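Shown next, in structure tokens, is the structure this report addresses.
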Amino acid sequence: MVHQLTKGVPADVLEREGLGAYYTDHDRAVYPMSAAGTPFTAAYLQSKGDVIADLVEDMAAEQKARATYEHLIDLADDPDVKDPLRWLREREVVHFQRFGEALRMVQELKNSKKYY
């Protein structure tokens with residue numbers, strides 16, 4: 001999508017539209033960062049080592065991603081951009097559901113009697 005939207009755009013236009021620093025560092029390549037320009041770091045990943053806490057964290061991450069896709073859809077006006085964003089948003093919904101199913105299974109097993 002990034003390539004599609006920037007293909008053939010001259011460097012001076014990218015600069016004028018606020019993408020000069022990005023272009024300087026990354027050309028038109030994908031470089032994971034926040035909308036504010038903060039680069040991705042593994043420090044954003046949360047893991048407690050407790051299966052219930054980790055599944056709830058995973059579910060929260062899926063909802064945050066879904067909300068981000070919704071905001072991007074609201075900002076876009078190109079159907080060729082909106083369609084893949086909608087697909088990605090739906091994928092986050094499905095991931096949330098699967099993590100929820102896993103959480104229910106873990107909770108059921110945790111409360112079951114142990115047989116050895």
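Since the structure is predicted, the reported quantities are computational estimates derived from the model, not experimental observations.
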Is Val106 reachable from Phe99 through a run of hydrophobic residues whose side-chain heavy atoms are each under 4.5 Å from the next?
yes

The side chain to side chain donor-acceptor pair (under 3.5 Å) partners of Arg66 (sequence neighbours excluded) come to Gln63, Glu70

Taking every non-hydrogen atom, the tightest pair across Pro84 and Pro79:
CD-O, 4.3 Å

Non-hydrogen side-chain atoms of Met33 and His26 separated by less than 4.5 Å:
yes

Backbone of Tyr31 reached by a side-chain donor or acceptor of Tyr22 within 3.5 Å:
yes

Side chain to side chain, Glu90 and Tyr69, heavy atoms closer than 4.5 Å:
no

Sequence neighbours left out, what passes side chain to side chain donor-acceptor pair (under 3.5 Å) with Glu62? Give chain and number order.
His95

Within the distance-only criterion (no hydrogens, no angle test), does the side chain of Asp54 pair as donor or acceptor with the backbone N or O of Ser47 below 3.5 angstrom?
no

Who are the side-chain contact (heavy atoms from CB on, under 4.5 Å) partners of Glu101, not counting sequence neighbours?
Arg98, Arg104

For Asp80 and Gln4, work out which heavy atoms get closest and say how close.
CB-NE2, 3.4 Å

Heavy-atom distance under 4.5 Å between the side chains of Ile52 and Lys110, does that happen here?
yes

So CG of Leu55 and CG of Asp50: to nearest 0.5 Å the spacing works out to 9.0 Å

Can you list the residues that meet the side chain to side chain donor-acceptor pair (under 3.5 Å) rule with Arg86, with sequence neighbours excluded?
Asp83

Is there side-chain contact between Leu14 and Arg28, with heavy atoms separated by less than 4.5 Å?
yes

Do you reckon Trp87 sits in the same ILVMFWY cluster as Val93, going by side-chain contacts under 4.5 Å, direct or chained?
no

Residues at least two apart in sequence or cross-chain that pass side chain to side chain donor-acceptor pair (under 3.5 Å) with Gln107, listed by chain then number, are none

Find out if a path of hydrophobic residues (ILVMFWY) with successive side-chain heavy-atom gaps under 4.5 Å connects Val9 to Leu5.
no

Spacing of Lys82 atom NZ and Arg89 atom CZ [to the nearest 0.5 Å]:
9.5 Å

Co-membership, hydrophobic cluster, residues Met1 and Leu72, 4.5 Å side-chain:
yes

Please check: side-chain N/O of Thr24 versus main-chain N/O of Gly20, any donor-acceptor pairing under 3.5 Å?
yes

State which residues pass side-chain contact (heavy atoms from CB on, under 4.5 Å) with Gln46; sequence neighbours excluded, sorted by chain then number.
Glu57

Are more than 12 heavy atoms from other residues, nucleotides or ligands located less than 6.0 Å from atom CG of Asp77?
no

ILVMFWY cluster, Leu75 and Ile73 together (side-chain gap under 4.5 Å)
no

